[in-house]
Amino acid sequence: MQNAVAERWSTATSDTITELADLDWFSDEVRRLYGFSVRGFDYTAAVETDVPWPTLTI
């Protein structure tokens, strides 16, 4: 596996990256990881943006 990854890294350029990697999958996963493009979430719904920062209670 490490050899296969090393070989791909050595041949990766801006011109070949789409042949070596699934950029759509990667982009979707990054957006999902950071809370964007989540299925079932209504991004057009109004939300409250002026909320107080929670205080730490011990």
Side-chain angles (χ1 to χ4, degrees):
M1 179 57 69
Q2 290 176 343
N3 289 338
V5 171
E7 182 180 330
R8 284 180 177 233
W9 268 123
S10 69
T11 61
T13 67
S14 296
D15 295 327
T16 63
I17 194 68
T18 56
E19 299 165 12
L20 300 171
D22 186 348
L23 298 182
D24 290 334
W25 173 86
F26 180 79
S27 179
D28 289 343
E29 289 300 303
V30 169
R31 283 194 301 269
R32 186 186 58 78
L33 177 65
Y34 289 100
F36 300 96
S37 300
V38 176
R39 288 184 188 132
F41 187 83
D42 183 2
Y43 289 95
T44 63
V47 294
E48 180 59 50
T49 58
D50 189 16
V51 294
W53 191 260
T55 57
L56 179 63
T57 56
I58 299 177

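- Using a 4.5 Å heavy-atom threshold, the side chains of Val30 and Phe36 count as separate.
- Judged by distance alone, with hydrogens and angles left aside, the side-chain atoms of Thr13 form a donor-acceptor pair with the main-chain N or O of Thr16 at under 3.5 Å.
- Put simply, CG on Asp28 and CG on Leu33 are 12.5 Å apart, with the number rounded to the nearest 0.5 Å.
- Counting heavy-atom neighbours within 6.0 Å of Phe26 CZ, excluding the residue itself, gives a total of 12 or less.
- Under a hydrophobic-cluster definition in which Ile, Leu, Val, Met, Phe, Trp and Tyr are linked whenever side-chain heavy atoms come within less than 4.5 Å, directly or via other members, Met1 and Leu20 are assigned to different clusters.
- Note on Trp25: it clusters hydrophobically with Tyr34, by side-chain heavy-atom contacts below 4.5 Å among ILVMFWY residues.
- The number of heavy-atom neighbours closer than 6.0 Å to CD of Glu48, taken from other residues, nucleotides and ligands shown, is above 12.
- Across Arg31, Glu29, Arg32, a single residue satisfies side-chain hydrogen bond (donor to acceptor under 3.5 Å, both in side chains) together with Ser37, and that is Arg31.
- Checked by atom type and distance alone, the side chain of Ser27 never pairs as donor or acceptor with a backbone atom of Asp24 at under 3.5 Å.
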